[in-house]
Amino acid sequence: MELILWRHAEAEAGEPDAQRALSAKGIRHAARMGAWLDRQLPEGCRIFVSPTVRCIQTADALGRRYTIHEALGPDSTVEAMLDACGWPHHRFPALLVGHQPRLGETASTILAGAAQPWKIRKGNVLWIRGAEPEPGGDPAFIKLAVGPELVGKLR
């Protein structure tokens, strides 16, 4: 299974936290990353999004259907996020649009075996390829780590 972690783009400051909208820079970055991801996502990719405004706006930039899922909210857990997308055994890949520190902890749990404070910058994507299921198969690995500044240069 492939798991794509997309941290929401830059948001305006303010309260309540769940209602914070993307900044002008965040809107540009989400649009750039969304257009690039739309060309790259594997067939059948399922998209799950935190219920916060900034995550919904980030996912909207992709222009695809998605499911809003509480398990991706700011107060969720790594276990809840992985359960929501069926990691590692689901048949289809998943894109999760969410928050720090949970996205970084999710990546470190998969790749290093324990939740650690790994940082994924705003608007960036970390693409993980799951372990091969057969005995002696390849372990999970980072397929791609990229930010909105770079994807405009990738074709």
Side-chain angles (χ1 to χ4, degrees), residues 1-11 18 20-23 25-112 115-116 118-133 138-155:
M1 178 179 170
E2 294 190 40
L3 182 64
I4 302 105
L5 305 175
W6 186 11
R7 184 176 176 194
H8 65 79
E10 180 183 275
R20 295 189 305 127
L22 294 181
S23 66
K25 177 181 175 182
I27 291 168
R28 286 191 311 275
H29 282 182
R32 189 176 300 150
M33 186 61 80
W36 182 82
L37 277 170
D38 187 48
R39 296 188 306 270
Q40 306 303 319
L41 289 177
E43 188 172 324
C45 187
R46 300 160 302 125
I47 303 165
F48 300 98
V49 180
S50 163
T52 63
V53 170
R54 60 193 179 274
C55 286
I56 292 169
Q57 288 178 319
T58 298
D60 283 344
L62 182 59
R64 293 189 183 198
R65 293 176 59 143
Y66 55 81
T67 301
I68 295 172
H69 205 302
E70 290 293 329
L72 274 70
D75 298 323
S76 188
T77 65
V78 169
E79 294 77 16
M81 290 174 63
L82 294 175
D83 285 348
C85 69
W87 176 269
H89 302 295
H90 200 281
R91 193 172 97 142
F92 293 106
L95 168 67
L96 307 183
V97 182
H99 308 270
Q100 275 299 101
R102 221 59 66 222
L103 288 176
E105 291 172 354
T106 299
S108 68
T109 298
I110 292 168
L111 297 165
Q116 299 175 26
W118 291 6
K119 183 173 183 174
I120 298 173
R121 293 182 60 190
K122 291 176 184 154
N124 286 21
V125 164
L126 183 66
W127 196 312
I128 299 170
R129 173 81 179 152
E132 296 298 324
D138 291 333
F141 64 92
I142 296 172
K143 183 174 177 178
L144 177 74
V146 68
E149 302 86 4
L150 184 59
V151 295
K153 299 174 185 176
L154 298 176
R155 294 286 175 215

* Any donor-acceptor pair under 3.5 Å linking the side chain of Arg129 with the backbone of Phe141? -> no
* Heavy-atom distance under 4.5 Å between the side chains of Arg64 and Ile47, does that happen here? -> yes
* **Donor-acceptor pair, side chain of Arg46 and main chain of Leu95, under 3.5 angstrom** => no
* Salt bridge check: are Glu10 and Lys122 linked by an N-O gap of less than 4.0 Å? -> no
* Asked: With a 4.5 Å heavy-atom cut-off, do Pro51 and Glu70 have their side chains touching?
  -> yes
* Asked: CD1 of Ile120 to CG of Leu103: how many Å apart, nearest 0.5 Å?
  -> 5.0 Å
* **CZ on Arg102 to OG on Ser50, rounded to 0.5 Å** => 11.5 Å
* Would you say Gln116 has more than 12 foreign heavy atoms packed within less than 6.0 Å of its CD? -> yes
* To do: With rounding to the nearest 0.5 Å, note down the distance linking CG in Leu96 to OG1 in Thr106.
  => 7.5 Å
* Distance-minimising heavy-atom pair for Ala140 and Ile128 -> CB-CG2, 4.4 Å
* To do: Could you give me the CA-CA distance, side-chain angles and deciding distance for Trp36 and Val146, then say whether side chain to side chain contact (heavy atoms under 4.5 Å, CB included) is met?
  => CA-CA 11 Å; Trp36 182 82; Val146 68; 4.1 Å; yes
* Can you tell me if Glu2 and Trp127 form a side-chain donor-acceptor pair at under 3.5 Å? -> yes
* Flag the pair Val125 / Met33 as yes when at least one side-chain heavy-atom distance between them is below 4.5 Å, and no otherwise. => yes
* Could you list the residues that satisfy side chain to side chain donor-acceptor pair (under 3.5 Å) with Asp60, not counting sequence neighbours? => Tyr66
* Asked: Rounded to the nearest 0.5 Å, how far does CD of Gln40 lie from CG of Leu144?
  -> 8.5 Å
* Determine the minimum heavy-atom distance between Ala112 and Trp118, stating which atoms define it. => CB-CZ2, 3.9 Å
* **Pairwise side-chain contact, Ile110 with Leu82, heavy-atom cut-off 4.5 Å (strictly under)** => yes
* Asked: Does some side-chain heavy atom of Cys55 sit less than 4.5 Å from a side-chain heavy atom of Leu72?
  -> no
* To do: With side-chain hydrogen bond (donor to acceptor under 3.5 Å, both in side chains) as the test, would you mind laying out the steps for His99 and Thr52 before giving the verdict?
  => CA-CA 10 Å; His99 308 270; Thr52 63; 3.2 Å; yes
* To do: Please round to the nearest 0.5 Å and tell me the distance separating atom CG of Asp83 and atom NE2 of His69.
  => 9.0 Å
* Asked: Taking side chain as C-beta onward, heavy atoms only, is Asn124 less than 4.5 Å from Pro148?
  -> yes
* Closest heavy-atom contact between Ile4 and Pro42? -> CD1-CD, 4.5 Å
* Pro93 vs Leu41 side-chain heavy atoms within contact, under 4.5 Å -> no
* Asked: Under 3.5 Å, is there a donor-acceptor pair between the side chain of Gln100 and the main chain of Gly104?
  -> yes
* Can you tell me if Arg39 uses its side chain to pair, donor with acceptor, with the backbone of Ala35 under 3.5 Å? -> yes
* Heavy-atom side-chain proximity of Met1 to His89 below 4.5 angstrom -> no
* To do: Can you measure from NE2 (His29) to OG1 (Thr58) and round to the nearest 0.5 angstrom?
  => 11.5 Å
* Asked: What are the two closest heavy atoms between Leu22 and Ala30, and how far apart are they?
  -> CD1-CB, 4.1 Å
* Structure fact -> Note: Ala71 and Ala80 closest approach over all heavy atoms is CB-O, 3.5 Å
* Asked: Does Gly73 offer a backbone N or O that forms a donor-acceptor pair with the side chain of Ser76 under 3.5 Å?
  -> no
